[in-house]
Amino acid sequence: MRKLLVLLVMVMLSCIASFAAKIPDEVKEYINKTVPGTDIRFDGVIVLPDNTVYLPLFPSLFSDVKKIEVKESFPANKELNEKPDAIIFNNDFVVMKVLTDGHGNRTVLHMANPPLQIRTGLLPQDMLVPSGLVLPENIKGIIGNLKIDTKSEDVIKLTTRESYEEFLADTEKVENPALIPQLKNKTLFVITNYSKNIQVVEPANNSPKYSLAQKSIPVDIKPVNNGKFLLVTSYERPFVDVISVADSRFIKQINLDTFPEEILIDENNDKAYITSPKASTIYVIDLKTMTLIQKIRVNGYCENLFLAEGKLFYADKFKNEIWSIELEKGYELIDIGKFPNVSALAYANNRLYIASRTKSRIAVIDYATLGLENEFTAVNKPIAMLLHKNNLYILGAQNNKVQKINTQTGKVIDTIDLNTEGFSNGFNRIYGTDLAVITDIKTNKYSIFDLNSGKVLKTYSLSIPVNEIVITDKVKLFD
């Protein structure tokens, strides 16, 4: 079974909009050198570390220059780190700062006689424009076919109690413990399975502050680009929706052939792998451009996606088969074997850990030989696993316990009781931290778990049903 070659079809797709943002590399180098930490978004918008926003204007033809320099700035003789209102580079590329006029509208610099590079420049036609942007009449040609929304027409935020009231949990009001420091300046995005909307919760409260309107009940949700955007898949919708967290807007739909489900983020390579089990397909999204760049045909109904060391693992739900895709070896597909009712996969030290939910067992496979190296009894109904350093944490759904395994010795180090008295259903790392959030679908609680110490820091209750929680830093933009 070792050398069964992949039957994948890799189709490179150019799903680029009619005029997508591709800021020249030499301009990016200037920006990164002049203002380190600047975020050049996939749609071309330039956001400095202090949230100063610049819009890019592309010339019809770039001038050929040996070195990028500021040709002209407003005010004069300013570099980007001095945050002028506009800069014209010597290759005719332009950036214009987003300003606020006397009426509170977002705008750009009003000039009686704008330079030719500004009058004839063009905004990227797939750009997320600040809502309510008001442009001076003498440069409105920079819009092209780009749609500029009013301040409210594109916002998906629902602020009334009716957005979540009918989905309030049937539990008594509980006074939550004090907010731990690790949750300060964080935001919770909660999927309920009862509402198609995503509930947005401030950690200090147990009820949603508002919700993000969706067209269908979400299947999966993942934060990307330091939590600035959410990728969302929904039932019976052949799209991946991209939501801007800062201003609660849909900014893009990535069209797919079939219905996507599970989302796996590869942070190191700025990619997202997204399963479509019914189509036996794994889609690959480039997170830098938010475009579909590849689709991989696989064997079976793929779920429980897991990525480690250049290998993409998945389980075939119907045949109980485990497969590995060698991403760095010509996409070779390796049949690892059959295991009953797989609920989670993990990989460390050349060993594949396979959790069987119904058997409450963990199988350990030597990846070099594909032989069974070990098998042991886990916590009752293992539903999820998380690797952290030399430790493997296994979440037991039924008895609400977390088992801690040393991956070097294979020994059980500890068993941690969550004390939620419900049914645990989720175990997800909090992006950019050594923490994880554990959700309880029966008691509508969530626990913050320290992966370094292997301890529960605090458990909180919510007034809404909880299926999945994503926790990100608060994001501000265009405020």
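We number each residue from 1, following the sequence as shown.
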Under the side chain to side chain contact (heavy atoms under 4.5 Å, CB included) criterion, do Leu212 and Gln214 qualify, and how do the steps go?
CA-CA 6 Å; Leu212 302 176; Gln214 305 294 288; 4.0 Å; yes

Rounded to the nearest 0.5 Å, how far apart are [atom1] of [X] and [atom2] of [Y]?
X: Ile354; Y: Phe313; atom1: CD1; atom2: CZ; answer: 9.0 Å
X: Ser195; Y: Ile217; atom1: OG; atom2: CD1; answer: 7.5 Å
X: Arg237; Y: Lys215; atom1: CZ; atom2: NZ; answer: 6.0 Å
X: Tyr353; Y: Met385; atom1: OH; atom2: CE; answer: 9.5 Å
X: Lys295; Y: Thr281; atom1: NZ; atom2: OG1; answer: 7.0 Å
X: Glu468; Y: Ile191; atom1: CD; atom2: CD1; answer: 4.5 Å

[X] side chain vs [Y] backbone, donor-acceptor pair below 3.5 Å:
X: Thr34; Y: Tyr30; value: yes
X: Ser360; Y: Lys381; value: yes
X: Thr291; Y: Ile293; value: no
X: Ser276; Y: Thr258; value: no
X: Asp316; Y: Phe318; value: yes
X: Tyr393; Y: Leu451; value: yes
X: Asn425; Y: Asn467; value: yes
X: Glu262; Y: Leu305; value: yes
X: Asn400; Y: Ser424; value: yes
X: Thr407; Y: Leu392; value: no

Looking only at heavy atoms, which two atoms of [X] and [Y] are closest? And how far apart?
X: Glu421; Y: Thr443; value: O-CG2, 3.6 Å
X: Ile365; Y: Ile336; value: CG2-CG2, 4.2 Å
X: Phe339; Y: Ala363; value: CE2-CB, 3.9 Å
X: Pro49; Y: Pro36; value: CG-O, 3.4 Å
X: Leu292; Y: Asn255; value: CD2-O, 4.0 Å
X: Ile23; Y: Gly44; value: CD1-O, 3.5 Å

Glu373 vs Arg351, side chain to side chain contact (heavy atoms under 4.5 Å, CB included): CA-CA, chis, key distance, verdict:
CA-CA 9 Å; Glu373 181 180 290; Arg351 298 181 182 95; 2.6 Å; yes

Greater than 12 external heavy atoms within 6.0 Å of Lys359's NZ:
no

Assess whether atom NZ of Lys28 is packed by more than 12 heavy atoms of other residues, nucleotides or ligands within 6.0 Å.
yes

Heavy-atom side-chain proximity of [X] to [Y] below 4.5 angstrom:
X: Ile405; Y: Ile362; answer: no
X: Ile46; Y: Thr38; answer: yes
X: Thr52; Y: Tyr54; answer: yes
X: Asp335; Y: Trp323; answer: yes
X: Thr192; Y: Val466; answer: no
X: Ile448; Y: Ile180; answer: yes

Given [X], which partner from the list [options] fulfils the side chain to side chain contact (heavy atoms under 4.5 Å, CB included) test?
X: Met290; options: Gln253, Lys252, Arg41; value: Lys252
X: Val232; options: Pro260, Ser216, Pro218; value: Pro218
X: Thr233; options: Ile263, Thr275, Ile221, Asp241; value: Ile263

Between [X] and [Y], does at least one N-O distance fall below 4.0 Å, as a salt bridge requires?
X: Lys271; Y: Asp286; value: no
X: Lys278; Y: Glu236; value: yes
X: Lys455; Y: Asp450; value: no

Residue pair Tyr235, Phe259: steps toward the ring-ring contact (aromatic ring centres under 6.0 Å, His included) verdict:
CA-CA 7 Å; Tyr235 287 103; Phe259 301 137; 9.9 Å; no

Take Phe306 and Tyr347 through the test ring-ring contact (aromatic ring centres under 6.0 Å, His included) and record every step on the way to the result.
CA-CA 8 Å; Phe306 184 80; Tyr347 183 87; 7.7 Å; no

Between the side chains of [X] and [Y], is a donor N or O closer than 3.5 angstrom to an acceptor N or O?
X: Glu202; Y: Tyr210; answer: no
X: Asn226; Y: Tyr431; answer: yes
X: Lys317; Y: Asn304; answer: no

Audit row: Asn299, Lys319, side chain to side chain donor-acceptor pair (under 3.5 Å) steps and yes/no:
CA-CA 10 Å; Asn299 283 336; Lys319 293 185 178 180; over 6 Å; no

Side chain to side chain donor-acceptor pair (under 3.5 Å) assessment of Asn390 paired with Asn406:
CA-CA 6 Å; Asn390 292 325; Asn406 185 297; over 6 Å; no

Apply the test side chain to side chain contact (heavy atoms under 4.5 Å, CB included) to residues Gln199 and Phe189: give CA-CA distance (whole Å), side-chain angles for both, the deciding distance (0.1 Å), then the verdict.
CA-CA 6 Å; Gln199 311 300 321; Phe189 297 92; over 6 Å; no

Show the numbers, then the answer: is there a salt bridge (Lys or Arg N to Asp or Glu O under 4.0 Å) between Lys186 and Asp473?
CA-CA 4 Å; Lys186 300 287 185 182; Asp473 290 333; 2.5 Å; yes

Going through the checks in order, is the side chain to side chain contact (heavy atoms under 4.5 Å, CB included) test met by Val402 and Leu418?
CA-CA 7 Å; Val402 176; Leu418 299 175; 4.0 Å; yes

I'd like to know whether Tyr367 forms a side chain to side chain donor-acceptor pair (under 3.5 Å) with Ser324, so could you lay out the CA-CA distance, the side-chain angles of the two residues, the decisive distance to 0.1 Å, and finally the verdict.
CA-CA 10 Å; Tyr367 192 74; Ser324 168; 2.7 Å; yes

Checking Asn205 against Ser207 for the side chain to side chain donor-acceptor pair (under 3.5 Å) test, could you report, in this order, the C-alpha distance in whole Å, the side-chain angles of both residues, the deciding distance, and whether it holds?
CA-CA 6 Å; Asn205 302 313; Ser207 292; over 6 Å; no

